[in-house]
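Notes follow once the structure below has been shown.
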Amino acid sequence: MKALTLGLAAVLLVGLTIPFAVAEPDDRPAARDARKPDRDLPAEKRRDAGRTNFTISITATGLDRDNRTYTLEASGEGVGKARQGENRSGLHGFARLHVRILDENGTLVKEGDVRVHVVMIQKDDGVKWELSSFMRTPKGLPKLALRGHNGTVVDDVADLEGHGFALFKPDDAEKRVRLKLDAVVEIAKQ
């Protein structure tokens, strides 16, 4: 134990006597520019060339375990990458949604903003999509998980249907509520 204590003291003493260099303020922008080599490339060759802005809206009805009916409404904007392949196209991105949950009487139960991950793939046999919010979701706001295998895409607007669930905690409740959802989702490129 005594040798360990002496060893730690020696490391601290040596560490305090070794000089260290501080970067000059003029050096920082040059280093930042060196990490982003595609700044001077034409727009179509940059890493963000495939970026796509999109809007998303969700309308869903759901039942909890006690067969009470809820309505979930969400809308927002996102950014993603358009994906193109040999026999498929799609979208992969993130969006910030403003979510409202209403009970069967139309009373607002929960409201707030959540961030969702969106994946949509269109193949010859149809559209496959999923949406989830299992990232950092503010406490009590819904965690969403939706997916579907059907839908249509016309003029950069996708009309999708699917199923999933939402998990949230109403303001006046002690337990979380789990809803089984049937959803209609619209994703439109801007």
*asked:* Please evaluate residues Val79 and Thr52 with respect to the criterion side chain to side chain contact (heavy atoms under 4.5 Å, CB included), reporting the C-alpha separation (whole Å), side-chain torsions for both, the decisive distance (0.1 Å), and the verdict.
replied: CA-CA 6 Å; Val79 65; Thr52 302; over 6 Å; no
*Step by step, work out the side chain to side chain contact (heavy atoms under 4.5 Å, CB included) result for Leu146 and Ile58.*
CA-CA 10 Å; Leu146 298 171; Ile58 302 169; 4.2 Å; yes
*side chain to side chain donor-acceptor pair (under 3.5 Å) partners of Asn53, counting only residues at least two apart*: none
*Side-chain contact, heavy-atom cut-off 4.5 Å: Leu63 with Leu179?*
no
*Not counting sequence neighbours, which residues clear side chain to side chain donor-acceptor pair (under 3.5 Å) with Lys128? List them please.*
none
*Stepwise, does the side chain to side chain contact (heavy atoms under 4.5 Å, CB included) test hold for Met120 with Leu160?*
CA-CA 10 Å; Met120 183 178 69; Leu160 310 168; 4.1 Å; yes
Extract all donor-acceptor atom pairs below 3.5 Å that involve side chains of residues 101-108 and protein atoms in other chains or at least two apart in sequence.
residue	atom	partner	partner atom	Å
Asp103	OD1	Asn105	N	3.0
Asp103	OD1	Gly106	N	3.2
Asp103	OD1	Thr107	N	2.9
Glu104	OE1	Thr69	N	3.2

For residues 91-99, dump all side-chain donor-acceptor pairs below 3.5 Å to protein atoms at least two apart in sequence or in another chain.
residue	atom	partner	partner atom	Å
His92	ND1	Arg83	NH2	3.3
His92	NE2	His117	NE2	2.7
His98	ND1	Asp113	OD1	2.7
His98	NE2	Glu111	OE2	2.8

*Flag side-chain contact, heavy atom, 4.5 Å: Arg100 against Leu72*: no
*For Ile121, what are the other residues in its hydrophobic cluster, where any two members join if their side-chain heavy atoms are less than 4.5 angstrom apart?*
Val119
_For Asp64, give me all partners under salt bridge (charged side-chain N to carboxylate O under 4.0 Å, His left out), at least two apart in sequence or on another chain._
Arg68
*Locate the shortest heavy-atom distance separating Val157 from Ala188; write the atom from each residue and the value.*
CG2-CB, 3.9 Å
*Does any non-hydrogen side-chain atom of Thr152 lie less than 4.5 Å from one of Val127?*
no
_Considering all heavy atoms, the nearest Ser133-Leu144 contact_ = OG-N, 2.6 Å
*asked:* My understanding is that only residues two or more places apart in sequence, or in another chain, count here; which of them pass side-chain contact (heavy atoms from CB on, under 4.5 Å) with Ser57?
replied: Ser75, Glu186
*Nearest non-hydrogen partners of Leu181 and Ala60, listed with the distance*: CD2-CB, 4.1 Å
*asked:* Show, in sequence, the C-alpha distance, side-chain angles and deciding distance for Tyr70 and Val109, and conclude whether the side chain to side chain contact (heavy atoms under 4.5 Å, CB included) test is met.
replied: CA-CA 9 Å; Tyr70 290 85; Val109 177; 4.1 Å; yes
*Could you list all the salt bridge (charged side-chain N to carboxylate O under 4.0 Å, His left out) pairs where at least one residue sits in residues 146-170, not counting sequence neighbours?*
Glu130-Arg147
*Could you list all the salt bridge (charged side-chain N to carboxylate O under 4.0 Å, His left out) pairs where at least one residue sits in residues 173-182, not counting sequence neighbours?*
none
*Side chain proximity check, Ser132 to Val116, heavy atoms < 4.5 angstrom*: no
_Once salt bridge (charged side-chain N to carboxylate O under 4.0 Å, His left out) is applied, do any residues pair with Lys143, and if so which ones, sequence neighbours excluded?_
none
_Side-chain cluster (under 4.5 Å, hydrophobic types only) that Val184 belongs to, other residues_ = none
